[in-house]
2 protein chains.
Amino acid sequence: MEKKVKPCIADETILKQRFLALRDTLDLLSGKWRFCILLNLHYYEKLRFKDFFEVSKGISPKVLTSELTTLEAHQLIEKSIEFTPTKDIAYYRLTQHAQEIWHVLNTLIEFGLSNRKEVIQSLHQNDK
Amino acid sequence: MEKKVKPCIADETILKQRFLALRDTLDLLSGKWRFCILLNLHYYEKLRFKDFFEVSKGISPKVLTSELTTLEAHQLIEKSIEFTPTKDIAYYRLTQHAQEIWHVLNTLIEFGLSNRKEVIQSLHQNDK
DNA sequence: CATGACACTTTCCTAAAGGTAACTAACCAC
DNA sequence: GTGGTTAGTTACCTTTAGGAAAGTGTCATG
């Protein structure tokens, strides 16, 4: 999922660890649908596979599978089964660990909101 | 620079504005070299075009130009000319407005640092 | 006036992310 | 046992981000 050739900076000590940490986080969020999935899961608490097609309009099952797999591998979401008398239902939900990323997303959102007012208006005309 | 077909969520009111704001911010940071450039500019304060090839190892002039252009369009960096007796030197530096994004980057870095210890070790073996 | 440094631009190419569509396997309802 | 729903696969195709390499225009220095 990540690119093979990764960006790289010169400084070996002070900057590098922070740089790698930043890249990790952005790798985690940069998939086209990742943050969409996380945001929806935060809002709806739990979602089934099919639900994502309703709340994340435009995603395909192939992409959804791969995004869910990646997010699960990074322990941001987890799959749980609810057993009912007639059948078992699989749900996806955020992990405890993902609560931390929620703070991150909020920071990004707050920046985006303030930015949107000033700068972005000339771009993104397509999504009023 | 942004993808034509953009991810989309269902909810029209509560979630949507926050979703768009989040996408804006991630669009801004998701370029392969964007955050590298920003981080380096924060660290070195000002850099010339050629300097980026030293501090951002692996970037090509074509990509550098397009990333700088985008960042400048979003008013995160600016080009300034320093006049010396013999010649003029062009520098890039962060704008006032970018100070705000520095807080954002720090949040991403802090998350990445704590995450790196727990989860990521099995991945990214290639960049100790 | 030639040579080199600087700041790009242009052209071409590749790899990978993502889209489309069809298919499968399991389960339940009727 | 047929049809529908769910949860995915699989195969193929398109788009686009980014890389490589060479070229351009402008200065300045020798």
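Numbers restart at 1 for each chain; the letters A, B, ... are given by sequence-line order, proteins then strands.
Among C:dA7, D:dG19, D:dG8, the nucleotide with an atom closest to any side-chain atom of B:Arg48 is C:dA7. Closest approach to the A:Lys87 side chain among D:dG18, D:dG8, C:dC28 is made by C:dC28 (side chain taken as heavy atoms from C-beta onward). Picking from D:dA7, D:dG18, C:dC8 the nucleotide with the shortest atom distance to the side chain of B:Phe49 gives C:dC8.
In this structure, B:Leu29 CG and B:His74 NE2 are separated by 10.0 Å, a value rounded to the nearest 0.5 Å.
Between A:Pro61 and A:Gly31, it is A:Gly31 whose nearest contact on DNA chain C lies nearer the 5' terminus. Mapped onto DNA chain D by nearest heavy atom, A:Phe53 and B:Asp88 fall at different nucleotides, with A:Phe53 at the one closer to the 5' end.
The shortest distance between the side-chain N/O atoms of A:Tyr92 and the OP1/OP2 oxygens of D:dT6 is not below 4.0 Å. In terms of phosphate contacts, A:Lys50 brings a side-chain nitrogen or oxygen within less than 4.0 Å of OP1 or OP2 of D:dT6. Listed pair B:Lys32 / D:dT16 fails the phosphate criterion, with no side-chain N or O lying under 4.0 Å from OP1 or OP2.
Within the nucleic acid shown, B:Phe52 has no heavy atom closer than 4.0 Å to any nucleic acid atom. At the heavy-atom level, A:Thr65 lies under 4.0 Å from base atoms of the strands shown.
Looking at A:Leu28, A:Leu105, A:Val104 one by one, the single match for side chain to side chain contact (heavy atoms under 4.5 Å, CB included) with A:Leu38 turns out to be A:Leu105.
Between the CG atom of B:Leu47 and the C1' atom of C:dA7 there is a distance of 15 Å, given to the nearest Å.
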(request) Give the C-alpha distance, both sets of side-chain angles, the deciding distance and a yes or no for side chain to side chain contact (heavy atoms under 4.5 Å, CB included) between A:Ser30 and A:Asp27. (result) CA-CA 5 Å; A:Ser30 291; A:Asp27 277 353; 5.6 Å; no

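Remark: the A:Lys62 side chain and the C:dG19 base include a donor-acceptor N/O pair separated by less than 3.5 Å.
Residues A:Ile37 and A:Tyr92 fail the side-chain proximity criterion, which asks for heavy atoms closer than 4.5 Å.
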